[in-house]
Amino acid sequence: MKKLVSVFVALSLAVTCVFALAGCSKSDTKYDLVMITDGSPITDGNYNESAWNGVKSFGDENNVSYRYYQPGLNEDDLLDSEIIKRYVDLAIDNGAKTIVFPGQVFADYICEVADAHSDINFVLIDSQPLCSHNTHKNIASVTFDNLQAGYLAGYSAVAMGNTKLGFFGADDAVSGNYGSGYVQGAAKAADESATPVVLDYANFDDDNLSFDYSFTVKAVYTKIEDCKEDVFKVNVVNGYGTGAYTDGQNVTITAYPPEENKVFDHWEVKSDTDGVSDKKVNISSSKKDSMNLLVGDCDCTITAVYSDSETVPVTIKGGDTVNAQKDSTVWVTAPVADKGKVFDHWECDDANKIADVNSIGTEVTVESQPIELTPVYVDSQYPTFYVDVVDGTGSGSYIADDEVTVTANPPRDGYMFYKWENVDNHGKQTGIAMDNEYDYSTKFLMVDRYAAVVEEMIDNGTQVVFAGGNPMADSVFTANSNFDYPVYGFGYGYDQKDSNNCIASVVNDYGAAVKMVLSDYKAGNVVGDCSNGCIYVTNISSDKNDDNYNAGYAKVYKSLADGKLVIKEPNQTEKALAVSKCLTVYYWTK
C-alpha cells in the first residue's frame, strides 16, 4: 500500500515551524504537511492540540516539514467556507502536499477544496465528508467507534469502585451508541465482580423524558400587621412601585410610558402622614422617569407629571407602542421570546435609526415620522427554558446567561410584598441567584437548567455521570460544582481533567488518528478504535508499568482490539441487559 511519504515530492531539509499565521502572506519556506485549526490555538488542551501533536510526531519521525495555520473567525465567530478556502490556498502556495482538518466543522467544506485541488491529499478527523458524491481519491477521514468508547467508560466507572452510575445523553445516534456501550461495559464489570450496580439513564431532549425543565418564580406577600418593623405605604400615581415597605428600604419608582403628545416632566411628592412635611419624602431625582425612593418617616403619594410635547409613536410589533418626543432617542426592548425561540434582530423601514439591530434592548432615533419596529425571533441553537412568573411580569423563554427581569404586581390592601420564591416543577431549587429576592422588581441570570437532570441523579445517590455524545455534556460538570460532597463526571472526547470533579475521560485521540492516516494514506473512511490505539481512558491503564494498571480493563481493551468482544447496537440493548445479573437500569421515561 502506498505510503504517504512517497507522495511528497521534492522534500526539502526537514524544517519545522511552530507558529500561528499572523497574516495572509506567502512564505519563502515550504511546508509539505499543514494543519488548519478550527480557529482555536494548538494549545487548547483539546482536539487541535491533540491533532497537532500527531502532525508533529509524524513529521519528526519521517523527515517531513510541517506547520499549522490558525484561522480568524468571521463576525459571527464561525469558520465559514471562504475562510477555509483562503487558508487552503495559502497552504498550497507555501508548498503543502497534505492538509489536515481536525474536527467536524470542516465536513461541509472539505469536498469543495478537494474538488478544486485534486493533487492535494486531505485528512478529516472525527467526521466524514458531506459530499454529494463519494469518489474523492484525495480525502481520507477518521471516525471513532463510539460504542467502544462508551463500553470502556462504563467498564472503567464500575472498575473504579462506583456502584451508582448515571448516563446523561441525547436523543440521537451518536449519543445512543455511547449510551449503549456504557450500559454494556458497566454490566460486564458488575458481573465480573459480582457487585450490584444501578444506572440511571436519561436523554436530555427525549420527548418522553419524565423531567420538566421549566420553573416558577412567585411573588410572595405578607400581611402588614404581621411585620415587626415600621411599615410605610407608598402610592405611585402614573407609575410602578405602589406598595408597603419597611423603614429604610430603597425602592425603584418608574413612570408609565407617556400618552400621545405627552412627555414625562417631573415627580410630585406628598406626605400622607399627618404632621410630616412633604420634604420628608426622600427621592433621588424629581426629573428622571426612573428614580429611587428611600422609604421612611411617612406614608406618601408620588405622582408622575407629564407635559405637552409633540410626540411620535414607536410601535413594537407584538409589544407596546411608545410615544417618544420628536427629535429625541428612546429605549426599546423586545418582548420575551416564546418557548424554543430566541431574539435575533430588529427590522424596520430605516434600520439606521436603530443603534444596535442585534441587541434585544437598544436606542432608537426618533425624528418626525412614526416608526414601526419588528423584533425577529428564530429557533434557538441553544437550550431555552421557560419561566412562569406568578403575580408578576417576566414570564417567557430564556437561554442560559440571559438577564431576566421580574416585577411583582402591586399588593392588595393590607398586604405588602415580602420576597420572591423560585422552585422547579419537581419541588427543587432552580439554582438561580436574584440580585435581591426582597425587591419587588429584580433581576437574575438564567442558569443551565439541563444540569437539573444530573442534580436529580446525584440527589438519588449517583456517584458518577457520563454524557458521551451529548452536546450538553458540560451540564454534568455544572451540576457537580453545586454539591459540597464528592460526585464525579466522566468526560468524553478529550481529557477533561480540568473540569469539576472529572474522575476520568474516554479520549478520542486525534493525534493517534492523524499518525495512523498519514502513515498509510488512502482515500475513504477509517474507524479509530482499540485496535489502532485511537481510543483510551485516562486514570486507568492496560500497561502493567503504569500506576493505574487494572487487569480487568487491560483484558477488556485487548478483547475489543482483537475483535473478540462484540458490543450490541443500541436497538439490541435491552437483550444485552437481560443477561446481566448485577446491573439494573432505570430509564427516565414517562
Side-chain angles (χ1 to χ4, degrees), residues 212-256 267 269-273 276 280-285 289-304 333 336 385-398 402-447 449 452 455 482:
D212 185 352
Y213 296 109
S214 62
F215 65 92
T216 299
V217 175
K218 182 180 180 181
V220 179
Y221 302 87
T222 186
K223 289 182 178 180
I224 294 176
E225 63 186 36
D226 293 339
C227 185
K228 296 179 181 179
E229 301 178 62
D230 291 335
V231 175
F232 297 96
K233 295 179 181 179
V234 176
N235 179 36
V236 181
V237 180
N238 298 330
Y240 303 99
T242 294
Y245 304 97
T246 56
D247 189 14
Q249 193 168 349
N250 207 331
V251 179
T252 299
I253 308 295
T254 304
Y256 290 154
W267 293 101
V269 297
K270 177 179 177 299
S271 168
D272 294 330
T273 299
V276 178
K280 290 293 186 179
V281 182
N282 189 354
I283 62 174
S284 61
S285 173
D289 60 0
S290 184
M291 52 77 183
N292 290 328
L293 164 71
L294 182 60
V295 176
D297 296 325
C298 62
D299 298 336
C300 64
T301 296
I302 303 176
T303 304
T333 303
V336 176
F385 310 105
Y386 189 79
V387 179
D388 182 23
V389 181
V390 177
D391 290 328
T393 61
S395 296
S397 186
Y398 301 91
D402 268 353
E403 185 177 75
V404 182
T405 299
V406 293
T407 302
N409 295 333
R412 66 182 190 271
D413 288 345
Y415 283 79
M416 60 186 294
F417 174 81
Y418 173 47
K419 68 173 184 177
W420 292 99
E421 287 183 348
N422 63 87
V423 65
D424 68 17
N425 291 332
H426 302 272
K428 298 182 179 297
Q429 291 298 308
T430 62
I432 65 170
M434 292 187 164
D435 288 352
N436 185 351
E437 63 181 307
Y438 295 99
D439 193 335
Y440 84 97
S441 184
T442 190
K443 298 176 181 179
F444 63 86
L445 293 182
M446 175 55 70
V447 297
R449 286 288 296 149
E455 291 181 18
N482 293 333

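Atom CZ of Phe417 and atom CG of Asn409 lie 10.5 Å apart (nearest 0.5 Å). Thr405 contributes atom OG1, which lies 9.0 Å from atom CZ of Phe444 (distance to the nearest 0.5 angstrom). The CG atom of Asp413 sits 6.5 Å away from the NZ atom of Lys233 when rounded to the nearest 0.5 Å. Between the CG atom of Asn235 and the OG1 atom of Thr303 there is a distance of 7.5 Å, given to the nearest 0.5 Å. In this structure, CE in Met434 is found 5.5 Å from CG in Asn422, a value given to the nearest 0.5 Å.
Looking at residues two or more places apart in sequence or on another chain, you find a side-chain contact (heavy atoms from CB on, under 4.5 Å) between Tyr438 and Tyr418, Lys419, Asn436. Applying the side-chain contact (heavy atoms from CB on, under 4.5 Å) rule to Leu445 yields the partners Glu403; only residues at least two apart in sequence or on another chain are considered. Residues meeting the ring pair (Phe, Tyr, Trp, His ring centres under 6.0 Å) test with Tyr256, sequence neighbours left out: Tyr240.
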For Met416 and Val231, what are the C-alpha separation, side-chain angles and deciding distance, and is it a side chain to side chain contact (heavy atoms under 4.5 Å, CB included)?
CA-CA 9 Å; Met416 60 186 294; Val231 175; 4.0 Å; yes
Can Ile253 and Ile283 be said to form a side chain to side chain contact (heavy atoms under 4.5 Å, CB included), step by step?
CA-CA 9 Å; Ile253 308 295; Ile283 62 174; over 6 Å; no
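Here the shortest heavy-atom pairing between Trp267 and Val236 reads CZ3-CG1, 4.3 Å. Nearest heavy atom pair, residue Ile224 against residue Ala244, reads CD1-CB, 3.7 Å. Across Val276 and Asp297, no two heavy atoms sit closer than the pair CG2-O, 3.8 Å. Residues Val217 and Trp420 come closest through the heavy atom pair CG1-CE3, 3.5 Å. Nearest heavy-atom pair across Val251 and Tyr245 is CG2-CD2, 3.5 Å. Tyr398 and Val336 make their closest contact through OH-CG2, 3.3 Å (heavy atoms, listed as atom of the first residue, atom of the second, distance).
A heavy-atom distance below 4.5 Å is found between the side chains of Leu293 and Ile302.
Paired with Val447 under the rule side chain to side chain contact (heavy atoms under 4.5 Å, CB included), one option of Asn482, Asp402, Ile432 passes, and it is Ile432.
Remark: the Asn425 side chain and the Ser214 side chain contain an N/O donor-acceptor pair separated by less than 3.5 Å.
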